K.L.:
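Mind having a look at this structure? Questions to follow.
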Amino acid sequence: MTIRVIELFAGIGAQASALERLGLDHERIAVCEWDEPTYKVYCAIHGDTPNLGDITKVEHLPECDLLTYSSPCQDISVAGHKAGLAKGSGTRSATLWDVGRLLEDMKERNVLPEVLLMENVDSILFKHAINDFLQWVRFLDGLGYTNSYQVLNAKDHGVPQNRKRMFMVSTLTLGKFIFPEGRPLTTRLKDVLEKDVP
């Protein structure tokens with residue numbers, strides 16, 4: 001079965017890269033990326049993919065099986081101003097609720113994706129953001145999703161970098177997602193850095 005994928009806040013396509021590295025048969029239906037240079041890099045890496053542009057202006061999403069969304073972290077990151085992601089706040093991180101608006105439209109059209117994948121900084125679970133995040137989880141509950149979330153550190157999954165991120169997998173019919181356990185790191189940063197950089 002070919003997995004039909006839409007990447008919101010696509011960036012350079014980290015989720016598409018993961019699917020490719022796993023060897024999963026997938027079709028990139030569309031991306032949503034407002035920054036044109038970033039979108040060009042995405043296409044250079046993954047091939048031409050339709051771009052829906054600025055998520056705040058998107059009215060409908062095409063039908064898909066997997067919807068990924070990594071909304072901006074600047075307003076919830078500990079390195080940022082902690083402006084938050086409250087619905088209606090107008091912050092960059094609050095564009096998460098545009099995902100909600102589009103999911104509500106998909107529910108009305110009876111085309112909700114089977115799986116949603118959210119990735120963001122671990123501080124989304126900290127005191128300044130947790131209530132808004134839990135409101136988001138309740139919203140997804142209301143759409144019929146079962147949500148499983150956990151903080152994963154890249155160094156526990158084969159990448160020589162101490163980088164914590166919160167991942168949430170939401171499914172309509174597949175039940176709770178079991179996150180993979182970490183494994184000992186076998187590579188060091190010097191193993192992956194290029195030796196001759198122009």
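Values reported hereafter were calculated over all heavy atoms of this structure, with side chains retained and with hydrogens, waters and symmetry mates removed. Remember, it's a predicted structure, so these values are computed and weren't measured experimentally. By convention here, the first residue in the shown sequence is residue 1.
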K.L.:
Would you kindly say whether D25 and T2 are connected by a side-chain donor-acceptor distance under 3.5 Å?
P.N.:
yes
K.L.:
If only side-chain N and O atoms count, and only distance matters, is there a donor-acceptor pair under 3.5 Å linking T68 with E119?
P.N.:
no
K.L.:
Does the ring centre of F179 sit less than 6.0 Å away from the ring centre of Y149?
P.N.:
no
K.L.:
Inspect the contact between R4 and E27 and indicate whether a charged nitrogen and a carboxylate oxygen are less than 4.0 angstrom apart.
P.N.:
no
K.L.:
Only one of W136, F9, W97 forms a ring pair (Phe, Tyr, Trp, His ring centres under 6.0 Å) with Y69, so which one is it?
P.N.:
W136
K.L.:
Under a 4.0 Å threshold between the charged nitrogen and the carboxylate oxygen, would R138 count as salt-bridged to D141?
P.N.:
no
K.L.:
Is the backbone of R28 close enough, under 3.5 Å, to the side chain of H46 for a donor and an acceptor to pair up by distance?
P.N.:
no
K.L.:
Under 4.0 Å between a Lys/Arg side-chain N and an Asp/Glu carboxylate O for R109 and D105?
P.N.:
yes
K.L.:
Is any side-chain heavy atom of L140 closer than 4.5 Å to one of L116?
P.N.:
yes
K.L.:
Between the side chains of E7 and S70, does any donor sit under 3.5 Å from an acceptor?
P.N.:
no
K.L.:
Following the transitive rule for hydrophobic clusters with a side-chain heavy-atom cut-off under 4.5 Å over Ile, Leu, Val, Met, Phe, Trp and Tyr, establish whether L102 and L66 coincide in one cluster.
P.N.:
no
K.L.:
Between V137 and M168, is a side-chain contact (heavy atoms from CB on, under 4.5 Å) present by the stated rule, with each step listed?
P.N.:
CA-CA 9 Å; V137 173; M168 180 164 67; 3.9 Å; yes
